[in-house]
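Order of listing sets the numbers, starting from 1, for every ligand and every atom in it.
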Amino acid sequence: MKILIANLGSTSLKWRLFDFANGAEKLLHKGGFERVTDYPKAIEDCLAQLTEAGAIASASELAAVGFKTVIAKDVTGCVRLDERVLGAMEAYNGLAPAHNPPYITGIRLFAQRVPGVPLIGLFETAFYQFAPAAMMRYGVPETWHDLGIRRWGFHGASHKFIAERSAELLSRPDVAQRAANLYVDGGKAPVNGPPLRIISCHLGGSSSITGTLNGVAIGNSLGMSPQSGLPHNNRVGDLDAEALPYAVKSLGISIEEAQRQLSKEGGLKGLSGVSNDIRDIQEAATKGNAKAQLAIDVFISEARRWIGGYFLQLNGADALVFTAGIGENRGELRAAICANLDQLGIVLDPAKNAACRATEALISADNSRVRVLVIPTNEELVVARESKRFLESARN
Ligand code: AMP
């Protein structure tokens with residue numbers, strides 16, 4: 001069974017093709033295009049690359065095309081991307097303006113190009129369906145809540161991957177299995193041991209932190225929209241609700257312009273005034289740029305705030321996991337986030353931490369009660385696995 005996972009940006013198309021033949025999970029092909037101006041051509045070129053590489057004989061060999069869809073009104077989980085669901089995504093375009101519109105456009109183009117192939121979406125919000133209500137509510141009147149003004153949580157595919165993989169690495173196949181089957185039984189499967197408490201830090205261009213208990217998320221630092229939580233590359237992160245009307249009035253700008261500034265000129269870019277890329281920011285900080293250093297310090301402080309919150313909610317942690325571009329590659333940021341936490345049982349091994357780049361590794365010291373792990377994420381694999389499960393259950 002060959003499943004293509006398409007990652008759609010406003011000017012990019014990236015893909016991975018998985019083959020699930022004979023119980024294996026094989027990555028057959030991956031590729032992508034940046035600076036796409038002609039999306040139908042990009043899809044055509046993607047399919048041409050797959051056939052030229054011999055990964056598929058023709059597009060009709062695809063069992064499905066899967067998408068890591070972000071958010072839709074009253075829809076979550078793993079679903080067939082029909083016009084009803086696309087309409088529900090459109091209804092929440094305003095919450096995810098950088099993500100939903102390109103996905104909707106791209107999915108419709110795939111529907112035209114490969115009409116016989118099922119298109120399946122795994123929503124990023126799906127992983128938080130089973131989180132306690134108290135962790136997902138804002139203190140708003142019920143009429144607001146009913147409009148969808150609540151915490152949804154995102155990066156679900158990544159945190160689900162970490163929930164499964166960390167449990168495997170910590171020799172808890174029962175929890176790994178529970179996390180794997182989350183969307184089948186809602187995380188109700190029994191576990192055979194003490195509670196497994198994981199704090200999962202997805203730190204990249206977009207960042208979020210999640211706590212999981214026995215493979216099930218208890219919340220996420222991202223709230224109603226991907227604008228919230230930690231500061232992102234150029235998106236603001238958490239902000240007092242009064243700040244927006246105050247800025248609109250004081251700066252004499254429109255709401256739309258304020259939103260643009262918060263999503264394009266905020267976050268690490270806004271704080272540093274240098275770049276939205278942590279590599280450039282760190283380089284500037286090393287050369288003495290105080291604003292760049294402040295951007296890094298805010299990021300570290302916000303990461304610790306959320307880690308601390310989940311540490312308390314979970315009554316401690318068995319493991320703290322770092323993943324995504326920053327989490328996998330930036331040892332100095334991992335060290336700063338974990339500094340002075342020995343009283344909480346978190347102690348890094350400096351040499352192991354410094355040596356770890358984009359590989360699976362245990363980077364805590366032998367005397368650290370909380371194990372600190374680096375696990376490269378694999379969001380596409382999670383979408384492919386759930387797409388496969390969806391196809392199989394649809395057949396039964
Ligand atoms: P992501 O959104 O997960 O791709 O992460 C993007 C962020 O991670 C950027 O701020 C990059 O500076 C950082 N990053 C990604 N890859 C690397 C790498 N190989 N070395 C250092 N930093 C990286």
Item to check | Those atoms of ligand 1 less than 4.0 Å from some heavy atom in A324 | outcome: 3 (O)
Next on the checklist: Suppose we measure from atom 1 (P) of ligand 1 to each protein heavy atom; which comes out shortest, and what is that distance?
Outcome noted: G205 N, 3.6 Å
Item to check | salt_bridge(K160, E386) N-O dist < 4.0 Å | outcome: yes
Checklist outcome for this item: Note: ligand 1 atoms sitting under 4.0 Å from heavy atoms of R330 are 21 (C), 22 (N)
Next on the checklist: Which residue and atom name correspond to the protein heavy atom nearest atom 20 (N) of ligand 1, and how close is it?
Outcome noted: R357 NH2, 2.9 Å
Checklist entry - Can you tell me the protein heavy atom closest to atom 18 (C) of ligand 1 and the distance? => result N329 CG, 3.4 Å
Checklist entry - If we only count N/O pairs under 3.5 Å, is R279 in contact with ligand 1? => result yes
Item to check | Salt-bridge present (K14, E34; N to O < 4.0 Å) | outcome: yes
Next on the checklist: So that I can tick it off, tell me whether K388 and E25 are bridged by a salt bridge, with the cut-off set at under 4.0 angstrom between side-chain N and carboxylate O.
Outcome noted: no
Checklist entry - Identify the closest protein heavy atom to atom 12 (O) of ligand 1: which residue and atom is it, and at what distance? => result D277 OD1, 2.4 Å
Item to check | Salt bridge flag under 4.0 Å for residues R178 and D174 | outcome: no
Next on the checklist: Between the side chains of E90 and K73, is the shortest nitrogen-to-carboxylate-oxygen separation below 4.0 Å, so that they form an ion pair?
Outcome noted: no
Checklist outcome for this item: heavy-atom search around atom 10 (O) of ligand 1 in the protein gives I278 N, 3.1 Å
Next on the checklist: Please list the nearest protein heavy atom to atom 15 (C) of ligand 1 with its residue and the distance rounded to 0.1 Å.
Outcome noted: G325 CA, 3.7 Å
Next on the checklist: Pairing donors with acceptors under 3.5 angstrom, does anything connect the side chains of N7 and R16?
Outcome noted: no
Under 3.5 Å, which donor-acceptor pairs do the side chains of residues 243-254 form with other protein atoms, sequence neighbours left out?
from : atom 1 : to   : atom 2 : distance (Å)
S250 : OG     : Y246 : O      : 2.8
S254 : OG     : E257 : N      : 3.0

